[in-house]
Amino acid sequence: SAAAPRPWRLFGAMCLLRLPRITQPLEKEEEEMAALMQQIELEKSHYSDHEIRKLEEEEQLKRRKESSYDEDEAAGKTVIMAQDLEEKWEQKFLRFKAAPRITDADKSNDRTSLNRKLDSNLMLLVKQKIGNQELWLLPQAEWQPGETLRSTAERAMATFLGDHIQAKTLGNAPHGIYKYKFPKAIRTEDNVGAKVFFFKAFLQSSDLSQAKLKADYLWVTKKELGDYLNSEYLKKVNRFLLD
Amino acid sequence: AESVTPESVSPHALCSFSSCSSWLPQRVPLRGSHWQSSLLQLRTSLPVRAQPKKKKKVDVKKEQAQKERMKKKIKKLEKAAPELIPIEDFITPLKYSESNRVRSLPALSPEESERRVLLLKKWCVFKQKQDEAEKKAIKALVESQQEALKELRLESEELYQAAIRRDEGLFPFERDGPSYTPPLPGYDPPEGKCVDITKVYTQ
C-alpha cells in the first residue's frame, strides 16, 4: 500500500532478562508467619514411628538406670538408638557445604558478571552511539522494511551477543515505547524523530562464554538502571519492568 | 506311513525306504515303518481301518452352550458399574489412630493465643498490600503495552497486524523455579536407586 512516508524512524530494542536463581529473603511478617504455621502443624500432629521409637528407648534407659543394671536384655546385642541415628544425620548435614547466596561478584560489585544479585532480575545494557553521543541503552537496531519489529529486536540482541544466544521472546507485541524528537539541527520534515519499541525476552542458558560481546555491556537490576539511563528513557522502561 | 509290501522283507529293500538308517550296518534288520512292531509279524500290527468315527454331535452342542454361558457371564460383569479407585490419601491407616500417638503438649497460655491472633491479623494486612501492589504493577504493564501498540498502529498497519498476531511458540512455557542456594558447581550427587512403590489401580 503506497502510504505517505512517516517522519518517524523505527527502532526495535530488546530487554534481555536473566531471571532470579535463588529465592528472595523473607520479610519479617513472612518469617513470623512461617514459624507460627510450623508450630500449629506440630501441635495438631500425632507421633510418628521414629518419635515413638525414641520415647520407648528413653523409657527403657530410665528403667535400666533405676533397676540396677539389667544385663539380660542387652546381652550381646548392639542396638542402634534413635538418638544415635539423629546425631548421625545431623553430622552428615553439617558436613555438606552449599554454594553461597552472596557470590564473589556481589562482593566485588562486578557489574559485567551474570553471577551477581542471584535473587533479582538482571537486564542487559550496552553502550551505543546515537548521533554523536555514546549512550547506555537497551540493545537496539533500526527497523528495516521487510521484517517485523520483533525480528528487529532479536537482530539487535544477536549483534551484541552473537547468534547462539538462547532467549525466549515473550510474544510478538512490543511492551513499551520511547518516542523522541531529533535535535533541531538534524530535524527535517521527513525525519522528525525516532520511536523505539521495547520487547522482552528471558535468557534461557546461563552460559554466555560463547557470546562475543563487541561493545561495553552491563548486567544491572531495575534499581541500578537509574545510574545509567537518562530520566525520560528510564521512565518509559520502568513502566514495563516488574521488580 | 510308507507302504511296505509284506512279500519283500529283505534288509536291502528296507534300507532304501528309511532315509535315516544310511549309517547303520547292513546286517541289522530294519523296520520300514513304525507301524511294524516286528519283522516277522507284519499283518497284525498294521492299523485296523474300520468304520470312520462318528463325530459326537451332542458334545459340540454342549460345548457351544457352555461358551454362550461364559459369554453371558462376561457381559454381565462388564455391565456392572466399575469399582471406584480408592484415594489412598483420604484413608487414614488404622495404626495412626491409636491413643499412644496423641502428642502431649502444654496448653496454650492466653498471651500466646493473643499473640497468634494479632499476628494473623497483621498477615492479612500484609498479604492485602502485596496483592494490591501486584495488581497495580500488572495494570501498568498492560497500559504500557497498549500505548506501544497504539503508536505502532499510527506508524504502519502491517507492522501492527504482525505484532498482534498470536505467538504459537510461547506456550507451553516451562521454567525451573528458584532454589534457596545456587547450584554448586562440580557437585557429585551420591548414587542411589529409587524404587517406585505406588499402587496402580485399573478399572
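Just so you know, these numbers come straight off a predicted model, no measurement behind them. Numbered from 1 within each chain, the chains take letters A, B, ... in sequence-line order.
No other option in S179(B), P185(B), P183(B) has as many heavy-atom pairs under 4.5 Å with chain A as S179(B). Counting heavy-atom pairs closer than 4.5 Å to chain B, the top residue among I22(A), L19(A), I177(A) is I22(A). Among R165(B), E134(B), R115(B), the residue making the largest number of heavy-atom pairs under 4.5 Å with chain A is R165(B). Between chain A and the residues K122(B), E157(B), R116(B), the most heavy-atom pairs under 4.5 angstrom are made by R116(B). For the set A162(B), A137(B), P182(B), A140(B), the count of heavy-atom pairs under 4.5 angstrom toward chain A peaks at P182(B). For the options L118(A), L42(A), D119(A), heavy-atom pairs under 4.5 Å to chain B are most numerous at L42(A).
Only the side chain of L10(A) comes within less than 4.5 Å of a heavy atom in chain B; its backbone stays farther off. Contact annotation for F240(A): both backbone and side-chain heavy atoms come within less than 4.5 Å of a heavy atom of chain B. Looking at Y180(B), the atoms closer than 4.5 Å to chain A (heavy atoms on both sides) sit in the backbone and in the side chain alike. Heavy atoms of L108(B) lying under 4.5 Å from chain A belong exclusively to its side chain. For R239(A), the parts lying near chain B are the backbone and the side chain together; criterion is any non-hydrogen pair under 4.5 Å. With a 4.5 angstrom heavy-atom cutoff, F199(A) does not touch chain B via any of its atoms. Residue contact with chain A, scored on non-hydrogen atoms closer than 4.5 Å, involves the side chain of L159(B) exclusively. In this structure, the portion of K179(A) lying under 4.5 Å from any heavy atom of chain B is its side chain and not its backbone. Contact of Q146(B) with chain A is not made at all, since no heavy-atom distance falls under 4.5 Å. For a residue to count as touching a neighbouring chain, one of its non-hydrogen atoms must lie under 4.5 Å from one of that chain's; by this rule R166(B) touches chain A with the backbone only. Of the two parts of L105(B), only the side chain, counted from C-beta on, holds a non-hydrogen atom closer than 4.5 Å to a non-hydrogen atom of chain A. For a residue to count as touching a neighbouring chain, one of its non-hydrogen atoms must lie under 4.5 Å from one of that chain's; by this rule Q130(B) touches chain A with the side chain only. Using a 4.5 Å cut-off between heavy atoms, Y160(B) makes no contact with chain A at all. Proximity to chain B is limited to the backbone of E147(A), based on heavy atoms less than 4.5 angstrom apart.
Side-chain N or O atoms of E30(A) include one that pairs as donor or acceptor with a backbone N or O of E27(A) at under 3.5 Å. Using modelled atom types, one side-chain atom of S144(B) and one backbone atom of H175(A) make a donor-acceptor pair closer than 3.5 Å. For R18(A) (side chain) and S120(A) (main-chain N/O), a donor-acceptor pair under 3.5 Å exists by modelled atom type. Distance alone, capped at 3.5 Å, is enough to place a donor-acceptor pair between the S108(A) side chain and the D104(A) backbone. Using a distance-only test at 3.5 Å, with no hydrogens or angles considered, no donor-acceptor pair links the side chain of K117(A) to the main chain of T221(A).
Aromatic pair Y178(A)/Y180(A): ring centres closer than 6.0 Å. Taking the six-membered ring for Trp and the full ring otherwise, F198(A) and Y233(A) have centroids separated by under 6.0 Å.
Other residues, nucleotides and ligands place more than 12 heavy atoms under 6.0 Å from the NZ atom of K168(A).
Atom NZ of residue K97(A) and atom CG of residue L184(B) lie 11.5 Å apart, to the nearest 0.5 angstrom. Note that the OG1 atom of T23(A) and the CG atom of L26(A) stand 7.0 Å from one another [nearest 0.5 Å].
Both tests do not hold together for R175(B) against F202(A): distance to the six-membered ring centre under 6.0 Å, angle to the ring axis within 45°.
T103(A) places none of its side-chain heavy atoms less than 4.5 Å from the side chain of K107(A).
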